[in-house]
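Since the structure comes first, as structure tokens, the remarks are kept for the end.
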Protein chains: 2
Amino acid sequence: MGEERRPTLEMVARRAGVGRGTVSRVINGSSRVSPDTREAVRAAIAELGYVPNRAARALVTRRTDTVALVVSEPEERLFDQPFFSGIVRGVSAVLTDRGLQLLLATARTAADHERLGDYLSGGHVDGVLLVSLHTDDPLPDRLAGAGVPVVLGGRPLYPPRHPVHYVDIDNVGGAASATRRLIEGGRRRIATVAGPADMAAGQDRLRGHREALAEAGLPDAPELTVHGDFSHDGGARAMRELLDAAPDLDAVFAASDDMALGVLRTLRESGRRVPEDVALVGYDDTAAAAHTDPPLTTVHQPTERMGGEMARLLADTAIAEGPDAKPQAVVLDTRLVVRESG
Amino acid sequence: MGEERRPTLEMVARRAGVGRGTVSRVINGSSRVSPDTREAVRAAIAELGYVPNRAARALVTRRTDTVALVVSEPEERLFDQPFFSGIVRGVSAVLTDRGLQLLLATARTAADHERLGDYLSGGHVDGVLLVSLHTDDPLPDRLAGAGVPVVLGGRPLYPPRHPVHYVDIDNVGGAASATRRLIEGGRRRIATVAGPADMAAGQDRLRGHREALAEAGLPDAPELTVHGDFSHDGGARAMRELLDAAPDLDAVFAASDDMALGVLRTLRESGRRVPEDVALVGYDDTAAAAHTDPPLTTVHQPTERMGGEMARLLADTAIAEGPDAKPQAVVLDTRLVVRESG
DNA sequence: CCCCTGTATGGGAGCGCTCCCACGCCGGGG
DNA sequence: CCCCGGCGTGGGAGCGCTCCCATACAGGGG
């Protein structure tokens, strides 16, 4: 029942014996205020426990100081992965730093998606971070078209109608480094369990793999490439196909650690030793990778930095400079984590 | 630059040839409006692409329609776990349904924590969902003290000064079912790798384990209990201790799947077969559990439902009824997932 | 000694909405 | 036929803030 109201700027002003404008100036540090006045206002704020009302401020400034992180991938696929958690961590840190809030939005059904689009175009957020790994997501274009500042996590799969800022991880380079490692280990019949062809990450990792092969003058035999769905079981299945088509393979590059685990299982079931008979390199550097038997050599992705860069790009460029800012692409490097599997 | 302003309620009113009040009534469906008028207003809204301004509404209603999800655990520990992702999913779904927004807040440093407390007490959100697994977190009491509606995920470890709503998963029952399974399998020297003693989940799972033991008339030998930190390596370490102190044990209940993986590794290193020599049951039902060798018997937690219940409790009780609502506790059941390890 | 410039400050206007009071109109009962 | 009640509606007030114009005062130059 207390029903006591929070103190307002007006009350602070009266208490400090100044005008509202002055208090506002002190809070926003904008224009010059004499030291004495400033102190008096500060004291009044402290005594009253005053906290500015965001809604009131937003109403006049037309800025909400809120940024949405939209995960439009079926979350089942994304949330559990360190990929997502790293991004949240990085985003969160930078945003906090800038005094911005993080609104987390997920859309499962198409209706959700529709509503989310309306909402985000409605001016309720200052900008949107979009982690949308699939090609057919209409949200980026829709938001960009509505003039909402957007930064993508991961490169756009097709050239979008409205050019956008994005932050990506160098999947091509990362995959190349994985395959190169296999080549340097003396392997010659190197297979790959690639990711889904409709995801940029899947495409790029396959390309990196092929580049490394070409670099070494190794043929890119079609029977040595199978597509998986980034899952454990998908990896196991793909490996079985691979083994059927090319029983003499001596190495595998799996485009995700989850798939690598499936590969490992199938390999073991087939009686092959890792890395003696078949060397294996994964991708993602998940927690599990360090604990497999043998421990998995894999490619580490700077997910937290990715989140940080996304937030930075959004706040400092997309929002600050508006729709006329030149679209920027930030691409982050990976790091090969050498363990025992390959 | 376009700089075109979004349509306002006033513009809708003019276009529909009615007063602002009427438009507001149509939007909020509150009071009665004649069908004709309603249709006219709807049409005007559609034509203009009008979206209500949340800030303006919040200013007058003093509600923000925003709920914060606070993860005050070091995220390293929490984010990667399906536990967290399930909660987010459940929370998100219910909130969307209620027209509420999800503000995700994480606090790493003590300063963050302090600031977060100020922020959340400042009336910027209508309520707070708190997933804070540690005992020494001052946030719940602080917020409850400030009159902010709060729902905890996980039971409060100590009786809080301000009684709070919470949603918990039946850790005691879940652990008991795990240990009971071991007992029914004919095991008699059943060890446990317990969780941290300063977490409610850790305590409760240990208690459940002991209850099952007592139920079966089995002694609770001190050398059969070791505490781990919920991590893989922690589990491996704990298992080594256990093996030193009680080499004759014939079963292990690990209070988390991550720890169970470590246990599994140590067991294999010691030359013991699972489940022939030592049966093993884990807890959490992580993705990895299905793919270990042998596949891990474990306890599934309804994390998504937990998130949903938290959101529901917050929206329908804590916020709706205010601080005088009788504190409610919702406890959800677990499900034993029987695979091959025990 | 006055004017002009610049700095510090007060406070009106107004952001877009909801709340609520007041008003017009209708029909039924007296 | 008049009055009263109630429904449907219009619009003033005001939420708490920022913006900006106006004002006040202090100095320095003419």
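What's counted below: heavy atoms across the whole structure, side chains too, no hydrogens, waters or symmetry copies. Predicted, not measured: the structure shown is a model, and the values here were computed from it.
Defined by atom type and a distance below 3.5 Å, a donor-acceptor pair is missing between the side-chain atoms of Asn53(A) and Arg62(B). Counted by atom type alone, Tyr119(A) and Gln101(B) present one or more donor-acceptor pairs between their side chains at under 3.5 Å.
Listed by chain and residue number, Val70(A), Leu116(A) satisfy the side-chain contact (heavy atoms from CB on, under 4.5 Å) test with Ala105(A) (two or more places apart in sequence, or in another chain). By the side-chain hydrogen bond (donor to acceptor under 3.5 Å, both in side chains) test, Arg312(B) pairs with Glu309(B), sequence neighbours left out. With sequence neighbours left out, Glu47(B) forms a side-chain hydrogen bond (donor to acceptor under 3.5 Å, both in side chains) with Arg15(B).
Rounded to a whole Å, the CD1 atom of Ile27(A) is 7 Å from the P atom of dC17(D). Rounded to a whole Å, the CG atom of Asn28(B) is 17 Å from the P atom of dG16(C). What separates CZ of Arg38(B) from P of dC7(D) is a distance of 15 Å, to the nearest Å. Rounded to an integer number of Å, the gap from His124(A) NE2 to dG16(C) P is 13 Å. At whole-Å resolution of the value, CZ in Arg63(B) and P in dT18(C) are 12 Å apart.
Sorted by residue number, the members of residues 9-19 of chain B with any non-hydrogen atom under 4.0 Å from DNA chain D read Gly17(B), Val18(B), Gly19(B).
Listed pair Arg32(A) / dT7(C) fails the phosphate criterion, with no side-chain N or O lying under 4.0 Å from OP1 or OP2. Contact between the side-chain N/O atoms of Ser24(B) and the OP1/OP2 oxygens of dT18(C) is found at a separation under 4.0 Å. Within the 4.0 Å cut-off from OP1 or OP2 of dT9(D), not a single side-chain nitrogen or oxygen of Thr22(B) is found. Here Ser34(B) reaches the OP1 or OP2 of dT9(D): one of its side-chain N or O atoms lies under 4.0 Å away.
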Close N or O pairs between protein and nucleotides 12-15 of chain C (under 3.5 Å):
{"from": "dG12(C)", "atom 1": "N7", "to": "Arg20(A)", "atom 2": "NH2", "distance (Å)": "3.4"}
{"from": "dG12(C)", "atom 1": "O6", "to": "Arg20(A)", "atom 2": "NH2", "distance (Å)": "2.8"}
{"from": "dA13(C)", "atom 1": "N6", "to": "Arg20(A)", "atom 2": "NH2", "distance (Å)": "2.8"}
{"from": "dC15(C)", "atom 1": "O3'", "to": "Arg62(A)", "atom 2": "NH2", "distance (Å)": "3.1"}

Taking only N/O atoms, report every protein-nucleotides 21-27 of chain D pair under 3.5 Å with atom names and distance.
none

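Contact between Ala144(A) and Val150(A) at its shortest, heavy atoms only, is N-CG2, 4.3 Å. Between Tyr166(A) and Pro156(A) the shortest heavy-atom distance is CD2-CD, 3.5 Å. Residues Thr64(A) and Ala58(A) come closest through the heavy atom pair CA-CB, 4.4 Å.
Between Asp118(A) and Arg142(A), at least one side-chain nitrogen of the basic residue sits less than 4.0 Å from a carboxylate oxygen of the acidic one, meeting the salt-bridge criterion. Of the charged side-chain nitrogens involved, none lies within less than 4.0 Å of a carboxylate oxygen, so that Arg98(B) and Asp65(B) do not count as a salt-bridged pair.
Checking side-chain atoms of Thr37(A) against main-chain N and O of Val33(A) turns up no donor-acceptor pair under 3.5 Å.
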